[in-house]
Amino acid sequence: MDRNLPIGILDSGVGGLTAVVQMNKLLPNESVIYFGDSKRMPYGNRENEEIIDLANRMIAYLERLGVKAILLACNTISSQLPHLKSSVPLFSIVEAGAKSVVCASEGHSSVGVIATCATVKNRTYESTIHACHPDVRVISNSSVSLPKIIDSELDNVGLLADKIKECVDPILQKDPHVKYLLLGCSHFPIIKREIGELYPDLIFLDPAKSQVSILRDYLEENNLQSQNPKRQILLYTTAETYEYAAAIKRLKLEIDMLMKVKLLEEDE
């Protein structure tokens, strides 16, 4: 495999840009091709069969562009990993998130998880975390609307606060001693500041950092680190490109290209 091929990152919307942030920190020489299916986000409110089909279409799109590995930045998509098809290695953000939980809690604490409806419904984090350490108590709660608000209404401060509380409060009501909160949707690290202002005593775990660390280890072990000095970050989305403006600004990303494309034939 050509070591100078870019890394693919896919997500249902802008949330996976948090993985791009971690790429900039941990793998600053690697080019990135990002695909966000913002037209159909949030994936967490869709049925498993549709999630699998859309994810495989995005994987195929990235493979046609030429990538050497793909980060599944979307937790909902990662929950369907056994059903995904790829000719390059796939890196699940759920597995990375579970690893960060076990390391942080040392296998003994109660941990809160906020995620999409599909991720919580499928008990993805519970099963993955318990496979690593069965003694961790996992308390999960989902949000139907928060990811969409982050995609398209990031500056709506009041609405954002209300939806954060709806997502986090039930976890603390079940166990007020929860110390760690896993941001189990790729969109949620984008609003870590707002969550922290509401819950200053919680310690937040961002799976994207662990995910990119795992990718870095893979590249080093297989001698696949890029030697190309002309790094690029290319973004493709199925929605209007302006939806990415607020997230790009907040995350302080420098982008080489942002383009609207079709994933399905009926896309405009």
Side-chain angles (χ1 to χ4, degrees), residues 1-38 55-75 77-78 81 84-100 103 183 186-187 189-190 192 205-238 241 244-245 247-263:
M1 183 180 293
D2 183 353
R3 65 194 306 176
N4 291 323
L5 289 174
I7 302 297
I9 300 178
L10 62 82
D11 191 70
S12 62
V14 304
L17 294 178
T18 55
V20 179
V21 171
Q22 296 301 329
M23 288 285 297
N24 288 348
K25 293 178 180 178
L26 300 176
L27 289 169
N29 295 325
E30 300 292 338
S31 292
V32 172
I33 299 180
Y34 182 97
F35 195 110
D37 188 18
S38 293
N56 280 327
R57 289 175 183 270
M58 280 193 282
I59 291 169
Y61 195 103
L62 289 171
E63 288 182 328
R64 287 195 297 271
L65 293 176
V67 294
K68 60 186 175 185
I70 296 175
L71 297 182
L72 304 176
C74 177
N75 289 262
I77 290 174
S78 291
L81 182 62
L84 303 182
K85 302 174 182 178
S86 176
S87 61
V88 299
L90 301 177
F91 293 84
S92 162
I93 199 165
V94 169
E95 293 181 1
K99 181 179 179 180
S100 66
C103 290
L183 306 178
S186 61
H187 288 64
I190 295 176
K192 185 167 64 174
L205 303 177
D206 179 0
K209 183 176 181 179
S210 178
Q211 185 185 34
V212 176
S213 294
I214 293 170
L215 170 65
R216 180 179 59 186
D217 292 343
Y218 165 80
L219 296 177
E220 290 176 354
E221 290 168 3
N222 292 275
N223 197 29
L224 286 173
Q225 306 100 314
S226 175
Q227 302 299 311
N228 188 348
K230 297 182 180 180
R231 179 185 190 242
Q232 288 188 315
I233 300 178
L234 311 178
L235 305 187
Y236 295 88
T237 175
T238 53
T241 56
Y244 279 68
I248 289 171
K249 181 179 179 181
R250 172 173 289 220
L251 295 173
K252 299 178 180 178
L253 291 173
E254 294 185 5
I255 305 301
D256 294 284
M257 186 195 74
L258 174 58
M259 180 183 294
K260 181 181 178 181
V261 296
K262 294 182 179 181
L263 183 62

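These numbers come from a predicted model, not from an experiment.
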Asks: Taking the side chain as everything from C-beta on, heavy atoms only, tell me whether Ile190 gets closer than 4.5 Å to Arg250.
Replies: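 When only atoms from C-beta onward are counted, Arg250 and Ile190 do touch, with a gap below 4.5 Å.
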Asks: Measure from the side-chain N and O atoms of Asn75 to the backbone N and O of Val94, and report whether any donor-acceptor pair falls under 3.5 Å.
Replies: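 Not confirmed, Asn75 side chain does not pair with Val94 backbone.
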Asks: Under a 4.5 Å cut-off applied to non-hydrogen side-chain atoms, are Leu26 and Leu215 in contact?
Replies: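 Side chain of Leu26 against side chain of Leu215, heavy atoms only: no contact under 4.5 Å found.
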Asks: Tell me whether the count of non-hydrogen atoms from other residues, nucleotides or ligands lying under 6.0 Å of NZ in Lys68 goes above 12.
Replies: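 Yes, NZ of Lys68 has more than 12 neighbouring heavy atoms, counting only those of other groups under 6.0 Å.
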Asks: Is it true that a side-chain atom of Arg216 and a backbone atom of Leu27 form a donor plus acceptor pair closer than 3.5 Å?
Replies: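 Checking the backbone N and O of Leu27 against the side chain of Arg216, no donor-acceptor pair under 3.5 Å is found.
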Asks: Between Ser78 and Glu95, does a side-chain hydrogen bond (donor to acceptor under 3.5 Å, both in side chains) hold up when you go through it step by step?
Replies: CA-CA 8 Å; Ser78 291; Glu95 293 181 1; over 6 Å; no
Asks: Counting N and O atoms only, with roles assigned by atom type, does the side chain of Asp256 sit under 3.5 Å from a partner on the main chain of Leu234, one being a donor and the other an acceptor?
Replies: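 Checked: no pair found.
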Asks: Find out whether Phe91 and Val212 are in side-chain contact, i.e. whether some heavy atom of one side chain is under 4.5 Å from a heavy atom of the other.
Replies: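 No. Closest side-chain heavy atoms not under 4.5 Å.
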Asks: Run through Leu62, Ile70, Leu5 and flag the one making a side chain to side chain contact (heavy atoms under 4.5 Å, CB included) with Val88.
Replies: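 Among Leu62, Ile70, Leu5, the one that satisfies the side chain to side chain contact (heavy atoms under 4.5 Å, CB included) with Val88 is Ile70.
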Asks: Tell me if a side-chain donor or acceptor on Glu30 pairs with a main-chain N or O of Met23 at a distance below 3.5 Å.
Replies: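 No; judged by distance alone, with no hydrogens or angles, the pair does not exist.
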Asks: For Ile9 versus Ala73, what's the shortest heavy-atom pair and its separation?
Replies: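 Scanning both residues, the minimum pair turns out to be CG2-CB, 3.8 Å.
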Asks: Is any side-chain heavy atom of Gln227 less than 4.5 Å from a side-chain heavy atom of Arg3?
Replies: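 The answer is yes, as the side chains (C-beta and beyond) meet within the 4.5 Å cut-off.
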Asks: Under the side-chain contact (heavy atoms from CB on, under 4.5 Å) criterion, do Leu224 and Tyr218 qualify, and how do the steps go?
Replies: CA-CA 8 Å; Leu224 286 173; Tyr218 165 80; 3.8 Å; yes
Asks: Nearest 0.5 angstrom please: Leu219 CG to Ile7 CD1, how far?
Replies: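 Atom-to-atom, Leu219:CG and Ile7:CD1 are 5.0 Å apart.
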Asks: Among Asp37, Leu263, Leu258, Leu65, exactly one meets side chain to side chain contact (heavy atoms under 4.5 Å, CB included) together with Tyr236. Which residue is that?
Replies: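 Output: one option passes, namely Leu65.
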Asks: Can you tell me how far the CD1 atom of Ile93 sits from the CD1 atom of Ile77, to the nearest 0.5 Å?
Replies: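 These two atoms lie 11.0 Å from each other.
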Asks: Distance check, rounded to the nearest 0.5 Å: Asn56 atom CG versus Leu10 atom CG?
Replies: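 Spacing of CG (Asn56) from CG (Leu10) equals 10.0 Å.
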Asks: Restricting to non-hydrogen atoms, name the atom on Thr238 and the atom on Lys260 that form the minimum distance, rounded to 0.1 Å.
Replies: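 In terms of heavy atoms, the two residues are closest at O-CE, 3.7 Å.
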Asks: Between atom CG of Asn29 and atom CZ of Arg231, what is the distance when rounded to the nearest 0.5 Å?
Replies: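 It comes to 8.0 Å.
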Asks: Please tell me if the side chains of Asp11 and Cys74 come closer than 4.5 Å, counting only heavy atoms from C-beta onward.
Replies: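 In short, these two side chains touch, coming nearer than 4.5 Å.
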Asks: Students often mix this up, so state it plainly: with edges at 30° and 60°, are the rings of Tyr244 and Tyr34 parallel, tilted or perpendicular?
Replies: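 Tyr244 and Tyr34: perpendicular rings.
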Asks: Within the distance-only criterion (no hydrogens, no angle test), does the side chain of Ser210 pair as donor or acceptor with the backbone N or O of Pro207 below 3.5 angstrom?
Replies: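 No; zero donor-acceptor contacts below 3.5 Å.
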Asks: Any donor and acceptor pair, going by atom type alone, linking the side chain of Glu63 with main-chain N or O of Ser86 inside 3.5 Å?
Replies: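 No, the answer is negative, given that no donor and acceptor are paired below the 3.5 Å cut-off.
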Asks: Restricting to non-hydrogen atoms, name the atom on Ile233 and the atom on Asn24 that form the minimum distance, rounded to 0.1 Å.
Replies: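 The pair with the smallest heavy-atom distance is CD1-OD1, 3.6 Å.
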Asks: Within a radius of less than 6.0 Å around CD of Glu254, do more than 12 heavy atoms belonging to other residues, nucleotides or ligands occur?
Replies: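 No, not enclosed.
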Asks: Which atoms form the tightest heavy-atom contact between Pro189 and Asp206, and what is the distance?
Replies: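 Heavy-atom minimum between the residues: CG-OD1, 3.5 Å.
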Asks: Report yes or no: does Asn228 contribute a side-chain atom to a donor-acceptor pair with the main-chain N or O of Asn4 at less than 3.5 Å?
Replies: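 Side chain of Asn228 to backbone of Asn4: no pair is present.
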Asks: Going by atom type alone, with no hydrogens or angles, which donor-acceptor pairs under 3.5 Å involve a side-chain atom of residues 12-21 and a protein atom two or more places apart or on another chain?
Replies:
residue: Thr18; atom: OG1; partner: Gly15; partner atom: O; Å: 2.8
residue: Thr18; atom: OG1; partner: Ser186; partner atom: O; Å: 3.3

Asks: Measure the spacing between NZ of Lys192 and CG of Leu205 and express it to the nearest 0.5 Å.
Replies: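 Lys192 atom NZ to Leu205 atom CG measures 9.5 Å (nearest 0.5 Å).
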Asks: Around Lys99, counting heavy atoms of other residues, nucleotides and ligands shown, do more than 12 lie under 6.0 Å from its NZ?
Replies: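 It does not: Lys99 NZ has 12 such atoms or fewer within range.
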Asks: Rounded to the nearest 0.5 Å, what separates atom OG in Ser31 from atom NZ in Lys230?
Replies: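 Here the interatomic distance stands at 11.5 Å.
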